[in-house]
K.L.:
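What follows is a single structure, and I will ask about it in a moment.
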Amino acid sequence: MARIGALEAGGTKMVMAVGDEEGNILERDSIPTTAPEECVPKMVAWFADHKVDTLGIGAFGPTCVDPANEKYGSILETPKTAWKYYPFRNAFVDGLHIPVGYDTDVNVACLGEATYGAAKGLGYVVYVTIGTGIGAGVMVEGKLMHGMMHPEAGHILIRRDPEDKAPSSCPYHDDCFEGLAAGPAIEKHWGKPAKELLDDPRVWDLESFYLAEGVATYIVCYSPKKIILGGGVMHQEQLFPLVRSKVAHLLNGYIVTPEMQDLDSYIVPAGCDGDQGILGCIELGKRALEEA
Ligand code: ADP
Ligand code: ZN
């Protein structure tokens, strides 16, 4: 059986793993995300030592995911200046001489859920992470959606609650989903981290209103067969029933499908025990090997 390398490249840490074709994680390690010149050689050496046959990388964005583009696998414009335009995928291709699959961190999380988790086998899936930022990975016909770049669906513009005068936590947009509903937005609005606001129902009512606006928009635009909500903020499971009922209210009976009749099974928590990202990287590496 092939040994599949998986690299989940985040803004604060890099998680490396070896898995098999059935999604078993055999070994795992992590290092802090420092400048690429410092941390990339360590990761290349780790995968070389672990004798992987192929690799799947899920990288923080924005990044180029178009194999036909000369910047394929490079990080694009980013506030992390050391990483700006860094040819991330090429470093592993040149260092390891194996197939390397490459996509965004949220797209691989979507792939992990669609392969092993809450949306297993469905082929049309939106995975949303609500954490330090908001990101959405989109799968259509079993493939992760790309295009001009890749969806940046955490930045859809949504309606602000008229009473909500708090500053947006997105430096680009006053009224985007991430700016109003990511973890830092909750903290900016209420003056404390989300975890310390459990006793105040107003916090979760407003948060679920924004989440429902985002989810309703994804439903009408992407027509997913399941929507998975993950990330730190969704540890607050009391959000799920609030979001479902507000989505039903916002869509107002317009979409009539079996899924919309059963929102408890349609808008769901992640199903991979927090491993959707690394499992998605394993699946990406497996697909890269099959296509090589
Ligand atoms: P990241 O997005 O950086 O990968 P997380 O998904 O853990 O990391 O998101 C971090 C954000 O989620 C922080 O803004 C934090 O306030 C919020 N958060 C983390 N844990 C919880 C929790 N149990 N309840 C509510 N919010 C949480
Ligand atoms: Zn924004």
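Please read these numbers as outputs of a predicted model, since none were measured by experiment. As the structure lists them, so they are numbered: ligands from 1, and atoms in each ligand from 1.
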K.L.:
If I apply the N/O under 3.5 Å rule, does Thr129 come out as touching ligand 1?
P.N.:
no
K.L.:
With a sphere of 6.0 Å drawn around NZ of Lys225, does it hold more than 12 non-hydrogen atoms of other residues, nucleotides or ligands?
P.N.:
no
K.L.:
Give a yes or no on whether Val243 and Leu197 share a hydrophobic cluster (residues Ile, Leu, Val, Met, Phe, Trp, Tyr; joining criterion: side-chain heavy atoms under 4.5 Å apart).
P.N.:
yes
K.L.:
Counting heavy atoms only, name the option from Leu198, Val203, Thr132, Leu197 that's nearest to atom 2 (O) of ligand 1.
P.N.:
Thr132
K.L.:
Distance to 0.1 Å, residue and atom name: give those for the protein heavy atom nearest to atom 15 (C) of ligand 1.
P.N.:
Gly183 CA, 4.8 Å
K.L.:
Could you label the plane-to-plane angle of the His50 and Trp46 rings as parallel, tilted or perpendicular, counting under 30° as parallel and over 60° as perpendicular?
P.N.:
parallel
K.L.:
Quick check against the 3.5 Å criterion: does Asp66 have a side-chain atom that pairs as donor or acceptor with the backbone of Ala68?
P.N.:
yes
K.L.:
Would the distance check show the side chain of Thr54 and the main-chain N or O of Pro99 forming a donor-acceptor pair, the cut-off being under 3.5 Å?
P.N.:
yes
K.L.:
Linking I/L/V/M/F/W/Y whenever their side-chain heavy atoms sit closer than 4.5 Å, directly or via other members, would Val268 and Ile219 fall into one cluster?
P.N.:
no
K.L.:
Who gets closest to atom 22 (C) of ligand 1 by heavy atom: Met234, Lys195, Glu207, Lys192?
P.N.:
Lys195
K.L.:
Is Asp273 atom CG crowded by more than 12 heavy atoms from other residues, nucleotides or ligands, each under 6.0 Å away?
P.N.:
no
K.L.:
Tell me whether Ile25 shares a hydrophobic cluster with Met43, the cluster being built from Ile, Leu, Val, Met, Phe, Trp, Tyr side chains joined at under 4.5 Å.
P.N.:
no
K.L.:
For atom 17 (C) of ligand 1, what's the nearest protein heavy-atom neighbour? Residue, atom name and distance, please.
P.N.:
Val233 CG2, 4.0 Å
K.L.:
Nearest 10°: the angle subtended at the Zn ion (ligand 2) by Cys176 SG and His155 ND1?
P.N.:
110°
K.L.:
Just need the protein heavy atom nearest to atom 11 (C) of ligand 1, so name the residue and atom and give the distance.
P.N.:
Gly131 C, 3.6 Å
K.L.:
Distance under 4.0 Å to a non-hydrogen atom of Gln236: what atoms of ligand 1 satisfy this?
P.N.:
22 (C), 23 (N), 24 (N), 25 (C)
K.L.:
Which ligand 1 atoms does Gly231 reach within 4.0 Å, using its non-hydrogen atoms?
P.N.:
6 (O)
K.L.:
Of the side chain and backbone of Pro184, name the one, both, or neither that has a heavy atom under 4.0 Å from an atom of ligand 1.
P.N.:
both
K.L.:
Atoms of ligand 1 less than 4.0 Å from Ala194 heavy atoms?
P.N.:
25 (C), 26 (N)
K.L.:
Heavy atoms only: which of Gly10, Gly277, Gly232 is nearest to atom 5 (P) of ligand 1?
P.N.:
Gly232
K.L.:
Rounded to the nearest 10 degrees, what's the angle ND1 of His173 makes with SG of Cys170 at the Zn ion (ligand 2)? Could you check?
P.N.:
100°
K.L.:
For the pair Tyr218 and Tyr222, name the ring-plane relationship: parallel under 30°, tilted 30 to 60°, perpendicular over 60°.
P.N.:
tilted
